[in-house]
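The next block holds one structure in the form of structure tokens; read it before the comments.
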2 protein chains.
Amino acid sequence: MRFNTTTIKDIAERANVSKSTVSRVINDKAIVNSRTRLAVLDAMKSLGYEPNFFARSLASGLSMTVGVVTQKLGSPFYDMISQGVIQGFAGTGYSPLFVDGQWEESTELEVIRTVLGRKVDGLLLLGGDISEQDLSDLKDRLPTIVVGKEVPGWQDQCVFVDNVGAARNAVKHLLEFGHRNIAMVCGISCHQDAIRRYEGYRLALSEAGIEVDPGLVLEGDFSAQSGIMAVNTLLMRGKPFSAVFCANDMVAYGVRLALQRKGIRVPEDVSIVGFDDQGESAYMCPPLTTVRQPGNEMGEAAAAGLVKLMQGETCRLPVMQGELKYRESVARLI
Amino acid sequence: MRFNTTTIKDIAERANVSKSTVSRVINDKAIVNSRTRLAVLDAMKSLGYEPNFFARSLASGLSMTVGVVTQKLGSPFYDMISQGVIQGFAGTGYSPLFVDGQWEESTELEVIRTVLGRKVDGLLLLGGDISEQDLSDLKDRLPTIVVGKEVPGWQDQCVFVDNVGAARNAVKHLLEFGHRNIAMVCGISCHQDAIRRYEGYRLALSEAGIEVDPGLVLEGDFSAQSGIMAVNTLLMRGKPFSAVFCANDMVAYGVRLALQRKGIRVPEDVSIVGFDDQGESAYMCPPLTTVRQPGNEMGEAAAAGLVKLMQGETCRLPVMQGELKYRESVARLI
DNA sequence: TTGTACGCGTTATCAC
DNA sequence: GTGATAACGCGTACAA
């Protein structure tokens, strides 16, 4: 096994043909005599040829590369999407080029310019905060798909789940189990998903004829630590509650731990519902009832869709559904 | 904000200079008249110039891209490393190109050839199974660093923690707390880390004059599910045990849940120690005592080291230490 | 200090 | 079917 660096010129000489012919058999897009083709193939093999993407891209205008703009790696949900994206591109010939926008518009625009400079053939935006105007400019320039975020008027190029509806279902589940005093620990207040999940909470309560009690709504930032702090605040306020709806699973972990520390049992005394269904949640004590966001599938679907777009075809992005996973962190109130 | 596609030729015309001069001010490596420089800078700005990496790479032979070979995304530890890698390259001008080897030698070689075809300036191997011969070939060809795996004779180009020592410390901690019947749930048996962690377990016991009881050693595969199955097997065997050392945290989660289901308390009845310290472990119930592997730092250090290598400097990779995080899943045996 | 001309490896457009 | 030859956008000797 060696890692050579030969060019089509070497192959051409070895096979006694011209560079053009070599190029033809490589790209398989023109008719070549089967004998010469074999000779070329043979030369390629024995010389261990590997095409140079830069030359190829410069000449063809295609990079076979996709810019993937993430927002702060380490967030469980977006990590799931990233993994799906990688899987989705595997074997397609396209490679994902990851850059990180850090949930900051200026950074995001900067990294987008970077990948544009690298002449990516398409763009995958995982979340993000850029304006609709910039988004529109991007879309005019190259195939672009947004994942994990709903952009108004852009449904065709978005892969997302209906956060409002999913949150509403989760809270409805608590209501159906007899809970009335349902607290919510929110996510980062300026974050679209956080806002939508709160809206779902509000909606479900409202439909049950319950008004939101501000005393039961806690700030948070999607971290376990914020879940712990929220519980402490909640207990200090002294308002009774029998269930907590958490903006995501990490928050739920913190909530569960804080309750345990106060001697409050889950789910016997207080029920918990999370959001995301990250891998660990099924193995919590007790296993966490949570809204499953199919991050992997979303990433894969987005990648597959983008490949179609880049090949000039149209693509129909699947509608993703948040699914409530019933596990053991919710008790029926007698 | 627009995403233009102008070339140095456009700038040259706009600024009334030659392309070479434009190139000079861009690369900042030759003396140019400050007035012409300003004119060029101005033209660049107003035209929204962004260099074309392909042309640049083709001409210079540098891609400013690093191939990062992962092995199956979604594994908590390697994900931490990946995140560190991204952070480590941020702002250096280098972009990481992720490909996935899926813990399979043939796949790994294939994706390596892919990134080599893309003329990456360096290579970061996250784990992996390729032969030392291939590794050596790679090293001769371009700057290469291995992360998360110890390669004999390659210490200078590796960022890893001493798994044997760390596991040994973890088990010693259990011994010091009075535990004698310590079970271990292993990782994938052909996996180097799994082997080393078992070796550490064996060593610690042996040093305490205890022989490994095969009945207390369980197979596993680094998954929570395998932790559950291991506990069930263990209980069926009927051998007494007061502690379980787990090959990683996911296994520990499964073990903890399975014990809970059998009415066995943690840590009162059985203590647990994990390995990895993934983000969720600090918020388990109870918070998990585990060996912290500084995945993020490892990724960052590897990236920083590789940048140095690529710039022709030497690099000294830090020695990473596994650190036992004392939390609440281990009880002192009275 | 600046401009000219060539090369990087490939694809694309012509002829043959 | 096949082979010259011109792009592709940029870096860089070399000359001016």
Side-chain angles (χ1 to χ4, degrees), chain A residues 3-41 43-44 47-65 93 113-121, chain B residues 3-41 43-44 47-65 93 113-121:
Chain A
F3 302 94
N4 273 319
T5 170
T6 44
T7 76
I8 52 171
K9 192 184 160 202
D10 303 322
I11 300 175
E13 286 169 2
R14 180 75 120 81
N16 277 319
V17 293
S18 73
K19 294 192 301 177
S20 335
T21 302
V22 176
S23 179
R24 285 189 187 100
V25 355
I26 289 175
N27 295 303
D28 208 32
K29 275 300 166 198
I31 302 157
V32 287
N33 182 303
S34 56
R35 273 183 57 192
T36 48
R37 138 173 269 109
L38 280 177
V40 171
L41 252 27
M44 279 174 46
L47 268 57
Y49 171 75
E50 192 73 22
N52 180 322
F53 263 81
F54 297 134
R56 187 192 285 238
S57 303
L58 188 58
S60 70
L62 261 45
S63 66
M64 299 306 284
T65 306
R113 306 195 118 231
T114 303
V115 296
L116 288 183
R118 287 177 178 253
K119 300 283 174 265
V120 293
D121 295 335
Chain B
F3 302 95
N4 275 318
T5 168
T6 44
T7 76
I8 52 170
K9 193 184 159 202
D10 302 321
I11 300 174
E13 287 170 1
R14 180 73 120 84
N16 277 320
V17 294
S18 74
K19 295 190 301 177
S20 358
T21 303
V22 177
S23 177
R24 285 189 188 101
V25 354
I26 289 175
N27 294 304
D28 208 32
K29 275 301 168 198
I31 303 157
V32 285
N33 182 303
S34 55
R35 273 184 56 192
T36 48
R37 137 174 268 108
L38 280 177
V40 170
L41 252 28
M44 279 174 46
L47 268 59
Y49 172 74
E50 193 71 23
N52 180 321
F53 262 80
F54 296 134
R56 185 192 286 239
S57 302
L58 188 57
S60 71
L62 260 45
S63 66
M64 300 305 284
T65 307
R113 306 196 118 231
T114 303
V115 296
L116 288 182
R118 288 181 177 250
K119 301 285 177 258
V120 292
D121 296 334

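Side chains included, hydrogens not; waters and symmetry mates left out as well; all remaining heavy atoms used.
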(request) Start with the C-alpha gap between B:M64 and A:R118, add the side-chain angles, then the distance that decides, and say whether side chain to side chain contact (heavy atoms under 4.5 Å, CB included) holds. (result) CA-CA 10 Å; B:M64 300 305 284; A:R118 287 177 178 253; 3.8 Å; yes
(request) Kindly determine whether A:F54 and B:S63 satisfy side chain to side chain contact (heavy atoms under 4.5 Å, CB included), including the steps that lead there. (result) CA-CA 8 Å; A:F54 297 134; B:S63 66; 3.1 Å; yes
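Mapping B:S20 and B:L58 onto DNA chain C by nearest heavy atom places B:S20 at the nucleotide closer to the 5' end.
Residue B:S60 has no polar side-chain atom (N or O) positioned under 4.0 Å from OP1 or OP2 of D:dG11. Side-chain N/O atoms of B:R56 include none lying less than 4.0 angstrom from OP1 or OP2 on D:dG9. OP1 or OP2 of C:dT11 has at least one side-chain nitrogen or oxygen of A:S23 nearer than 4.0 Å. The side chain of A:Y49 places no N or O atom within less than 4.0 Å of a non-bridging phosphate oxygen (OP1 or OP2) of C:dG9.
Rounding to whole angstrom units, CG of residue B:D10 and C1' of D:dC8 are separated by 14 Å. Look at CG on B:N52: it is 18 Å from P on D:dA7, rounded to the nearest Å. Whole-Å rounding puts the A:K19 NZ to D:dT2 P distance at 17 Å. Spacing between atom CZ of B:R24 and atom P of D:dC14 amounts to 14 Å, rounded to whole angstrom units. Rounded to an integer number of Å, the gap from B:I26 CD1 to D:dC10 C1' is 8 Å. When the C1' atom of C:dT2 is taken as reference, atom CG of B:N16 falls 13 Å away, rounded to whole Å. The CZ atom of B:F53 sits 19 Å away from the C1' atom of C:dG9 (whole-angstrom rounding). What separates CE of A:M44 from P of C:dG9 is a distance of 17 Å, to the nearest Å.
Within 4.0 Å of B:T36, counting heavy atoms only, lie sugar-phosphate atoms of the nucleic acid but no base atom. Within 4.0 Å (heavy atoms only), B:V17 reaches sugar-phosphate atoms of the nucleic acid but no base atom. Using a 4.0 Å heavy-atom criterion, one finds that A:T21 contacts the sugar-phosphate atoms exclusively.
For A:N27 (side chain) and A:K29 (main-chain N/O), no donor-acceptor pair under 3.5 Å exists by modelled atom type. Checked by atom type and distance alone, the side chain of B:D121 never pairs as donor or acceptor with a backbone atom of B:L62 at under 3.5 Å.
Summarising the geometry, atom CD1 belonging to A:I8 is positioned 6.0 Å from atom CD1 belonging to A:I26; distances are rounded to the nearest 0.5 Å.
The side chain of A:T7 lies closest to C:dG9, out of C:dG9, C:dT11, C:dT2. The side chain of B:I8 sits closest to D:dC10 out of C:dT10, D:dC10, C:dT4. Of the candidate nucleotides D:dC10, C:dG9, C:dT11, C:dT11 has the atom lying nearest to any side-chain atom of A:N27. Checking C:dT2, D:dA7, C:dT1 against the side-chain heavy atoms of B:I31 singles out C:dT1 as nearest. Side-chain proximity of B:A59 to D:dG11, D:dA7, C:dA5: nearest is D:dG11.
Using a 4.0 Å cut-off between charged side-chain N and carboxylate O, B:K19 and B:D10 make no salt bridge.
Scanning atom types as modelled, no donor and acceptor separated by under 3.5 angstrom connect the side chain of A:R35 and the base of D:dG1. Donor-acceptor pairing under 3.5 Å, judged by distance alone, is absent between the side chain of A:R37 and the base of D:dG1.
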